[in-house]
Amino acid sequence: MAARSRAWRFGFLAAVAACLLLVLLNLRYSEMRPSGPWGMGYGVGAALLLAGAALYPLRRRAPARGPGATRHWLQFHLYGGTLFLLLVLMHTGFRLPTGGLDWALWLLSLWVVASGLAGVLIQRWIPRVLTSGLSTEVHFERIEELAASLRERAAELAQGSGGTLRDFFEQELAPVLAAPRPRLTYFLDVTGGIRSQARRFRYVGRLVPPEEAERLEQLEALFVSKLELDAHYTLQRALRWWLYGHVPFSLLLLALFGLHLFFVTYY
């Protein structure tokens with residue numbers, strides 16, 4: 001696997017070097033402009049790379065024995081998409097666009113590639129944090145249901161307890177248990193964020209009578225479980241937001257690129 005990844009990286013760097021060599025030759029023999037033969041060639045290459053990168057989601061939904069290994073399609077999606085942006089910049093002569101459609105294509109190309117690279121980091125980092133810092137695994141769709149169950153169980157424990165523990169539940173725990181709560185702390189330190197919120201149990205433990213110590217421990221376990229759900233909610237929601245910030249804009253880029261090719265071909 002590592003050898004294949006190195007091969008893709010080497011191929012990408014070789015392609016970038018070839019593109020830079022083309023730029024030098026272009027500057028040596030002709031002006032860099034979109035309507036020139038060099039610029040048209042860069043545009044065709046960018047269109048082919050964009051079309052190829054767009055096939056990756058289709059391959060993911062294809063049967064396991066579909067054309068090519070999915071991991072190779074993913075590598076092409078990443079490296080080909082990045083190379084697409086370089087060819088777009090070469091197509092425009094590394095100048096800012098002028099028309100409205102050109103501006104839209106230029107900005108969308110930057111956004112789609114930048115958000116794609118950010119997605120690579122997010123999809124590698126967040127699952128690692130979730131598996132290394134939390135004791136539970138949960139699907140995003142079940143978080144609200146599980147949070148409601150924890151809230152009910154904690155409320156039942158608090159109802160049968162004395163005034164100190166019941167007041168502690170109503171003032172300190174109930175607001176946190178009310179619903180899934182995203183916290184930026186979990187992006188930086190999952191376990192530390194949970195420990196810092198669970199410290200409140202240390203102080204109330206000195207005030208609770210000995211016969212309610214076990215009840216307090218049960219409440220703490222439920223509270224920590226809720227905090228872990230909050231961590232899942234925060235981090236898994238970031239993955240979903242990334243999809244909303246990448247996929248629709250990618251589809252819009254494809255549509256506008258097709259419109260651009262239509263205008264170039266027929267006008």
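In terms of heavy atoms, Leu227 sits closest to Ala198 at CD1-N, 4.5 Å. Nearest heavy atoms, Leu235 versus Ile126: O-CD1, 3.4 Å. Taking all atoms of both residues into account, the shortest heavy-atom contact from Ala46 to Phe257 is CB-CZ, 4.3 Å. Across all their heavy atoms, Leu22 and Trp38 have their closest contact at O-CZ3, 3.7 Å. The minimum heavy-atom distance between Leu134 and Ala231, with the atom names listed, is CD1-CB, 4.0 Å.
In this structure Ser115 satisfies the side chain to side chain donor-acceptor pair (under 3.5 Å) test together with His246, sequence neighbours excluded. Qualifying side chain to side chain donor-acceptor pair (under 3.5 Å) partners for Glu141, counting only residues two or more places apart in sequence or in other chains: Arg240. Considering only residues two or more places apart in sequence or on other chains, Thr265 meets the side chain to side chain donor-acceptor pair (under 3.5 Å) condition with none of them. Applying the salt bridge (Lys or Arg N to Asp or Glu O under 4.0 Å) rule to Glu170 yields no partners; only residues at least two apart in sequence or on another chain are considered. In this structure Glu212 satisfies the side-chain contact (heavy atoms from CB on, under 4.5 Å) test together with Ser161, Leu165, Val208, Pro209, sequence neighbours excluded. Under the salt bridge (Lys or Arg N to Asp or Glu O under 4.0 Å) criterion, Arg200 pairs with Glu172, sequence neighbours left out. His232 pairs by the side chain to side chain donor-acceptor pair (under 3.5 Å) definition with Gln236, not counting sequence neighbours.
Judged by distance alone, the side chain of Lys226 and the main-chain N or O of Ala179 form a donor-acceptor pair under 3.5 Å. In this structure a side-chain-to-backbone donor-acceptor pair under 3.5 Å is missing from Asp230 to Thr234. In this structure, Arg151 contributes its side chain and Ala178 its backbone to a donor-acceptor pair below 3.5 Å. A donor-acceptor pair is defined here as one N or O able to donate and one able to accept, closer than 3.5 Å; no such pair exists between the side chain of Ser30 and the backbone of Asn26.
Legend: side chain to side chain donor-acceptor pair (under 3.5 Å) pairs involving residues 94-104, not counting sequence neighbours: none detected. Residue pairs meeting the side chain to side chain donor-acceptor pair (under 3.5 Å) criterion with at least one partner in residues 77-90, sequence neighbours excluded, are absent. Applying the side chain to side chain donor-acceptor pair (under 3.5 Å) definition to pairs two or more places apart or across chains, those involving residues 174-199 are Tyr186-Gln197, Asp189-Thr191.
By the 4.5 Å heavy-atom criterion applied to side chains, Trp106 and Leu96 are counted as neighbours.
Sparse packing is recorded around CD of Glu214, with 12 or fewer heavy atoms of other residues, nucleotides or ligands lying under 6.0 Å away. Atom CG of Leu184 sits in a sparse spot, with 12 or fewer heavy atoms from other residues, nucleotides or ligands closer than 6.0 Å. In this structure, Gln218 places its CD atom where more than 12 heavy-atom neighbours from other residues, nucleotides or ligands lie under 6.0 Å away. Within a 6.0 Å radius of CH2 in Trp111, other residues, nucleotides and ligands contribute 12 heavy atoms or fewer.
Between the CG atom in Leu50 and the CG atom in Leu55 there is a gap of 10.0 Å [rounded to 0.5 Å].
Connectivity analysis of hydrophobic side chains (ILVMFWY, heavy atoms under 4.5 Å, direct or indirect) links Tyr244 to Trp241.
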What pairs of donor and acceptor atoms, side-chain ones from residues 83-94 against any protein atom, are under 3.5 angstrom apart with sequence neighbours left out?
unit_1: His91; atom_1: ND1; unit_2: Gly39; atom_2: O; d: 2.6
unit_1: Thr92; atom_1: OG1; unit_2: Val88; atom_2: O; d: 3.3
unit_1: Thr92; atom_1: OG1; unit_2: Leu89; atom_2: O; d: 3.0

